[in-house]
Structures are given as structure tokens and as C-alpha cells.
Amino acid sequence: MSRELLLRLASAAVLVPIGLFAVWQGGVALMCLAAICAALMAFEWARMVESKVGALIIGGTVVANIVFLVDPRWALLVLVGFAASAAMVELGKDRRNSALLGTLYTGGMPLALQALRAHPEAGLALAMGIMLMSWASDTSAYFVGRQVGGPLLAPNDSPNKTWSGAFGGAAGSALTAIGFALLISGPVLSWAIVGVAASVGAQFGDLFESQLKRRYGVKDTSGFLPGHGGVMDRLDGFGTATIIALVVVRLIPALPDHLIGG
């Protein structure tokens, strides 16, 4: 077993229980984890793009995720306000765009998780399900891609990702979704579809960050998580899947009740 794999497994053994506990508890526990992750990702972003307004980016993501617990209606406005302020203070068009995107991206992912978890009936099931499916997708894609190999998924942006890994990730996510559906007595087919969609969203998020890292010439956003790189490296796919899930739930209000109603 390679050293990299051992580090990934060791990190996962610590991170997974913490994440599951925070999501299970919701409220203050989830807010604290969301704020910490937002701060670390914002720091990684600011360092990656060599931003001069890193304090504003970090502050905006943290404050927005804390405010959510007080009044969810204000959290997004606070995040947008900080993002606009960081963009206005930054010098140069590219730097302004980076400051705006970085604040919204690193603060919005944990904020979306809080919003999804806050759903009155299905919040726990949705947040737990998306978390488990995203992790299953990432793990399955990693192992299948390593073992099977084959044509590259996005050779220009991520030379290590293969089509076999992408399909393996979708299969792993779907199987996890089916198991989760059986656990909560939910509709198996519907959850299987959610599993595939979550995997697609997670892999899109992973490729998006790979593009960013390629643009700025970095391999990992930091070394905070042994075997995984940075916090943003670990949460990019999960965060994207969560944002997509939140948008879908808002567009189809009846979906959460269907998923937990059997």
C-alpha cells in the first residue's frame, strides 16, 4: 500500500467522523465546522491567487457562515457584500474577479451545506446523503481510475482523471445512495438517481478546481490535510454537489418530502 493512500485513509478516518457528527448535530456544531472550513479554504484561495485582500475574503466567508445561524436570510447578503467589497478594494480586473469569485466560492460551499441541513423535514437526510455520496464518488473514482486506467477525462486540466474513474465514481455514489435509501426507507430508484447526479456534480467541482490550480500553477491548495492536499482540494466536489442539491431543492420543493416519504 502506497504512502499516499495510507495518508488519505488516515486523514479520512479523522475527517469523516467529524463531518458526520457536525451534520448530524446541525446548529452550532455545523456552523462552527462550516466557519472553520470556510476560513481555511478562503486562506488557501487568497494564497493561491496571491490576493492583497485575503483578510476581507477570509472575514467574509467566516462572518457569513456565522450569520446563517442567527438569520439565514442575511447570510447570503453578507457574503455577497464582502465579495463586492473585496473586489472593489483589489487592484486590476483579474484580481477583482478572483476576489469576487473566491469569496463566493469558498464561503458559498459551507453555506450551502448549512442551508441544506436547515430544511425542516428532510435536512438531515439530504445533508447526510450528499456527504456520503460525494465521499463514495471520490473514493470509487480514485480506486477504479487507478486500477482500470484508460482514456483521460480532461487531459488538459487533470491528467490523472480517467473516464473509467468517472464511471466508477458514479457507480459508487449510486450504490451508496441505494444503501442510504434502504436505511431510511426511502425510494430506492429516486435516491439512485440522486447518487449519480451527486457524483456528476462532485466531479464537475473537482475538475473546476483542477482548472483553477492549473491556471495559477499549484499542485495543491495547501498541505493542511495529509494525502489530500488542502481543505479546498478535499471539499471542492462535495461543496459543488451540495450547492447543486440546494438549488434543485429550491426549484422542486416537493422533492425532499418524496425522498424521505418512501
What's the spacing between [X] [atom1] and [Y] [atom2] if we round to 0.5 Å?
X	Y	atom1	atom2	answer
Met232	Glu44	CE	CD	5.5 Å
Gln25	Arg117	CD	CZ	8.5 Å
Ile260	Glu121	CD1	CD	6.5 Å
Leu40	Leu225	CG	CG	8.5 Å
Leu15	Cys37	CG	SG	8.5 Å
Asp206	Asp138	CG	CG	6.5 Å

Heavy-atom pair with the smallest gap, counting every atom of [X] and [Y]:
X	Y	result
Ala87	Leu100	CB-CB, 4.1 Å
Leu246	Ala115	CD2-CB, 3.7 Å
Gly168	Ser140	O-CB, 3.2 Å
Ala29	Ala22	O-CB, 4.0 Å
Val53	Ala99	CG2-CB, 4.1 Å
Gly108	Leu79	N-CD2, 3.7 Å

Do the side chains of [Y] and [X] get nearer than 4.5 Å, heavy atoms only?
X	Y	result
Asn65	Met31	no
Val231	Thr221	no
Phe238	Leu113	yes
Leu126	Pro256	yes
Lys161	Ser210	yes
Leu212	Trp45	yes
Ile252	His258	no
Leu20	Met131	yes

According to a 4.5 Å side-chain heavy-atom criterion applied to Ile, Leu, Val, Met, Phe, Trp and Tyr, with indirect links allowed, do [X] and [Y] form part of one hydrophobic cluster?
X	Y	value
Met109	Phe204	no
Ile244	Leu104	no
Val194	Ile184	yes
Leu116	Ile243	yes
Leu76	Phe82	no

So, does [X] use its side chain to make a donor-acceptor pair with the main chain of [Y] at under 3.5 Å?
X	Y	value
Trp191	Phe180	no
Lys213	Val218	no
Thr240	Asp236	yes
Gln114	Leu69	no
Asp71	Arg73	yes
Ser199	Ala170	yes
Asp233	Gly229	no

For the pair Leu207 and Leu153, evaluate side-chain contact (heavy atoms from CB on, under 4.5 Å) and give the outcome as yes or no after the intermediate values. CA-CA 9 Å; Leu207 286 173; Leu153 179 63; 3.9 Å; yes
Around atom CZ of Phe224, are there more than 12 heavy atoms from other residues, nucleotides or ligands closer than 6.0 Å? yes
Going by atom types alone, do Ser98 and Tyr216 pair a side-chain donor with an acceptor below 3.5 Å? yes
Are Ser137 and Ser173 close enough that a side-chain donor and a side-chain acceptor fall under 3.5 Å? no
Is the Tyr105 ring parallel, tilted or perpendicular to the Phe208 ring (thresholds 30°, 60°)? perpendicular
Evaluate the criterion side-chain contact (heavy atoms from CB on, under 4.5 Å) for residue pair Phe167 and Val144; output intermediate values, then yes/no. CA-CA 9 Å; Phe167 285 114; Val144 173; over 6 Å; no
